[in-house]
Amino acid sequence: MNSESIRVTLPDGRAVALPPGCSAADLAAAIGPGLARAALAAVVDGEIVDLNRPLADGASVRLLTDRDPEALGVLRHSAAHVLATAVRELVPGAGIGFGPAIDDGFYYDFDVPEPFTPDQVEAIEKRMGEVIRADHPFERRVVTRDEALELFADDPLKLERLVEFADDEVITVYRDGPFLDLCRGPHIPTTGRLRHFKLLSAAGAYWRGDERRRMLQRIYGTAFFTKKDLRTHLHRLEEAKKRDHRVLGKRLDLFSIQEEVGPGFVLWHPNGGRVRRIIEDFLRDTLVEHGYEIVYTPHVASEELYRISGHLDVFADDMFPAMDDDGDRFRMKPMNCPHHFMIYRSQTRSYRDLPLRFAELGTCYRYERSGTLHGMLRVRSFTQDDAHIFIREDQIADEYNRLLDLGDHLLRVFGYEYRTALSTRPEKAIGDPAVYDAASDRLAGVLRDRGLDYELDEGGGAFYGPKVDVLVTDALGREWQGGTFQLDFLMPERFGLEYVGADNRRHRAVVVHRTLLGSMERFIGGLIEHYGGAFPLWLAPEQVRILPVSEQWTESARELVARLRAEGLRVELDDRDTLGYRIRAAEMRKVPYMGIVGEREAEAGTVSVRMRGAGRKQVAMGRGEFVERLKGEVERRALG
RNA sequence: GCUGACGUAGCUCAGUCGGUAGAGCAGCUGAUUUGUAAUCAGCAGGUCCGGGGUUCGAGUCCCCGCGUCAGCUCCA
C-alpha cells in the first residue's frame, strides 16, 4: 500500500483504493453515479457517520441509502433540525432543547414564551418546506468547549448540556443554513434530501424529562423516504383513531366512564360484561387446569398490612387515602400480593406442597394521577388476573417454563404475536447480588433453552428480583404489556414465607408475582383495539342476529332464534324496519353472523347466512348445519 | 400533578357582534311488510359541565373549580 491511497472494505469484502482524505461520498461516486445520488450516510467501522466525513485507511464502510433502516433515523433527526431551523426563523429567540429521532418520527423541544398554536405549527411546517427547498448542506464542525460556550452563549439550555461534557469528549456542532446546533450527528447531506414529512402535534414536555424543571414546548413530526410510506403511516394513525377503545366502547355499548361515578372508574355495560365474563371463565378454567388454586380476598385491608409489605412507604401517594375509625386505619387494596402471602402463611408448608399457586381476579384501587388516566387502559379501579406462586429456589426454571407455556397458549388464543424481555439487577437491588444474578442467569437459560429471541433489559429488574415480560403486538403493530413474571426474594423475607425442607429445617420460599393478561380493563381495552371492535365469535357479545325478510316470516325466524339459544348461542331477533336498514345496523354493531329468513328459507327450512364484513357473499345452509358451524367455531375459539 | 386545547340533546356537531338554542343520527309513535349497508311522516328530548362575576341581558366575556383530550411525568 503506498501513501498516496487508502484502502477501505465494502460489506461484500471488496477492497477499494481511494486517494487520502476521501469521504464516503467520494467512495459512492467511485462506485457509481446512482449510488452517489442515493447515498445518505455511511456506516464506518460500525458507526453511522455523515457522508462527507473523511475515511481512514483500513476502514470498513457500508453506504446507507433510503433502503437501509438505519438511514431513516438519520433522516428523521435531520428533519428535527429542519424543524428547529424553521422555528428559529419564525420565533427568533426560541431556546433549543433536544431534537431526536424516535420510533416513528422525531420531535424537537423549544423554549418559547407562548405554546405553539395549531396555526403556528402549520406555518412552521410550511417554513420547513422553504428550508428544504434552500437545500442547505449539513456541515459538521468539531469545536472546543470554549468555542461552544461562545457559540451558544445566548442559549441556556445548550449551555446546561455543554457543561456536562467530559474533558476528553469531542464536541461537535452542525449547521444547516442559518441554524447552528450542538449535535452529535450524523445527518443527511443536505436539507433538500428531506421530502416526505409531516408535523403531527405540539404539547408541553419537561426539560430533560424532569417534572421539577421548566416546561418546554415540543413539536412532534414524522418523516419517511417515500410518499407511500408517509401515507401508510398517516393512514395507520387514522386507523388507530378509528379503533380507539373509547370510541368503540361507546358505539358498541361496551362500557362507560362517567363523571358522576368518578374519573378512572369503569362501568361495564351488558355487552362489555359478556366479553369480560367469557374471558374470565376461560381464564379461570385454564388456570385450574394448570394447577392454580382460586382464592378471594377483600377489597379493603388494614393499613398495617401495607406497612409490613413496605408499599405504604413507597406508594402512599398513589393509594386512596385511609379510612380512619377510632385509630383503625383501612385502605382500599392497591395490590393483592400481601393478601396471598397471608394465606400462604396461614399454615406450615412442606417442600412437598410447592409449587403452590394462588390465583385471583383481584380488584385493586390506585389513586393514579389525574393526567395519566386513559379510558380502560389506565384506571383507578381494575381487576388483575393476579397470581402468586410459592416455590423453592430449585423450581425457578421449571415454573418459568410453565408460565411461558401458559402465556403462549393464552396469547395465541387471542391472536397476539409477542416477544419476551428479561430484566436484570438494577443498582438499587436489595439482598445478595449473587442470588439475584444467579436467578437472572437461570431465567436467561430458560429463555435460551426455549429458543426465544428475547430482549435483555439490563438493570431493568425490580429491586426485589428479576423479571420476564411478555410484550404483545396488536393488529396495528403496536406493542402492549402482555404479562409479567417477577421473581421476588424480598417479600418472603418481610412476610416470613417459609417451608419445611426434606432436611426438616425451615427454608425461605421464593415468590413469583405473575399476571398473564394484566388487568381485565387494560386487556379488554387493548383487545377492543386489536379486533377493531369485531370480536371473534366466541367473544362477541351478540353472536348472531336473525332477520326475517318481512313480518310473515317472523315466526320461522323465532323458531331459529330459539333453536340457537338452546345451544347456548347469544342470538337476537331484529324484525323492525326494512331489511337493508337492519343489515346496516347489524354490520355497524359488528355482529359476526346474520341469519336471514324469508320465503325461500322458511319453506326449505334453511337460513341465508351473511358474515360480518363479507357483503353479499352469503350462503344458504340447513339450520342444523348453521348450528354446528357456529358451535364448532365457538369451540375452537376461532379468530374468524 | 404540569402545559395547552376543549366541555351545547343519548351520540356527532353547528350556534356570527352578548339579545333567551339548532341539525343529523339514535329513541318513541304512526303509516309501510319490505330480499341484502339508511322507507316515509310525526313526536319527544337541553341545569349550554358546576359555581361566582361583568351586563338591562351571558351558551357566548372574566374568575375559580370539575371533567375530557394531546403530550410530559408516574405506573408496586
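Quick note on labels: first sequence line is chain A, next is B, and so on, each numbered from 1. None of these values were measured; they are calculated from a predicted model.
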Of the listed nucleotides [options], the one nearest the side chain of [X]:
X	options	value
A:Ile596	B:A37, B:G71, B:U36	B:U36
A:Glu211	B:U73, B:C75, B:A70	B:U73
A:Gln486	B:A76, B:A37, B:C72	B:A76
A:Arg378	B:C75, B:G71, B:U36	B:C75
A:Tyr206	B:U34, B:G4, B:C72	B:C72
A:Pro263	B:C74, B:A76, B:U68	B:U68
A:Arg369	B:G35, B:C74, B:G27	B:C74
A:Arg366	B:C72, B:C75, B:G35	B:C75
A:Glu599	B:A76, B:G35, B:A70	B:G35
A:Arg616	B:U36, B:G67, B:C75	B:U36

Does a side-chain N or O from [X] land closer than 4.0 Å to OP1 or OP2 of [N], or not?
X	N	result
A:Tyr581	B:C40	no
A:His374	B:A70	yes
A:Lys250	B:G10	no
A:Arg246	B:A70	yes
A:Ser370	B:G1	yes
A:Ser201	B:A70	no

Touch class at under 4.0 angstrom, heavy-atom based, for A:Asp318 against every strand present: base
[X] [atom1] to [N] [atom2], straight-line distance once rounded to whole Å:
X	N	atom1	atom2	value
A:Asp109	B:A70	CG	P	19 Å
A:Glu259	B:C66	CD	P	11 Å
A:Arg212	B:C72	CZ	C1'	14 Å
A:Asp103	B:G71	CG	C1'	16 Å
A:Met215	B:U73	CE	C1'	8 Å
A:Glu551	B:G35	CD	P	14 Å
A:Arg600	B:U36	CZ	C1'	10 Å
A:Asp577	B:U36	CG	P	15 Å

Distance-only donor-acceptor test (3.5 Å): side chain A:Glu601, base B:G35: yes
A:Arg208, CZ atom: more than 12 neighbouring heavy atoms under 6.0 Å: yes
B:G18 and B:A26, which share atom name P, separated by this distance in whole Å: 37 Å
Flag side-chain contact, heavy atom, 4.5 Å: A:Val470 against A:Leu516: no
Of A:Asp244 and A:Cys337, the one whose closest RNA chain B nucleotide lies more 5': A:Asp244
Qualifying residue, where the test is ring pair (Phe, Tyr, Trp, His ring centres under 6.0 Å) with A:His388 and the options are A:Phe358, A:Phe341, A:Tyr344, A:Tyr292: A:Phe341
B:G4: pairing nucleotide in any strand, Watson-Crick or G-U under 3.5 angstrom: B:C69
